[in-house]
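The first residue of the sequence shown is numbered 1, and numbering continues consecutively from there. Excluded from the calculations below are hydrogen atoms, water molecules and symmetry mates; all remaining heavy atoms, backbone and side chain alike, are included.
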Amino acid sequence: MAPPGDLTIMSDAVIEDSGLPDPIELDAGESPVEQLPNETLAFLLGSRYCETDKLATSPGAISDQARAAGAGFRRSAISSAVI
């Protein structure tokens with residue numbers, strides 16, 4: 001826990017990248033949520049880094065835009081969830 005007052009956190013990194021696109025697995029399968037291991041379910045929850053309220057309103061539109069841009073996947077959003 002940080003003490004009260006100003007706090008500065010800094011980082012420095014060098015990232016090496018080939019510049020090539022990631023491989024696309026066109027035959028990648030999907031698993032129903034019920035079949036996922038329990039330890040993976042936390043990754044399906046909303047996050048402060050992703051505006052899930054905006055994503056949930058139009059997953060089909062987002063998926064269509066991604067396909068038009070050449071994305072190599074079948075679906076880009078969860079179509080249903082149990083909370």
Side-chain angles (χ1 to χ4, degrees):
M1 181 175 284
D6 292 343
L7 174 67
T8 302
I9 299 174
M10 300 178 73
S11 180
D12 189 19
V14 174
I15 299 172
E16 292 184 30
D17 184 82
S18 69
L20 299 173
D22 291 333
I24 297 173
E25 299 291 336
L26 294 175
D27 61 343
E30 293 183 27
S31 298
V33 173
E34 309 80 49
Q35 293 180 4
L36 295 174
N38 288 338
E39 57 272 11
T40 65
L41 299 179
F43 297 102
L44 300 178
L45 299 174
S47 165
R48 65 178 176 213
Y49 302 110
C50 179
E51 298 180 45
T52 51
D53 56 330
K54 292 182 181 177
L55 279 175
T57 58
S58 60
I62 293 167
S63 181
D64 293 342
Q65 290 171 4
R67 265 192 212 94
F73 53 83
R74 293 190 189 123
R75 258 190 256 183
S76 63
I78 297 170
S79 59
S80 63
V82 177
I83 299 176

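Met1 belongs to no multi-residue hydrophobic cluster, having no ILVMFWY side-chain contact under 4.5 Å with any other such residue.
Partners of Pro21 by side-chain contact (heavy atoms from CB on, under 4.5 Å), not counting sequence neighbours: none found.
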Less than 3.5 Å apart, which donor and acceptor atoms pair up between the side chains of residues 3-20 and the rest of the protein, not counting sequence neighbours?
residue: Asp17; atom: OD2; partner: Gly19; partner atom: N; Å: 2.7
residue: Ser18; atom: OG; partner: Leu20; partner atom: N; Å: 3.1

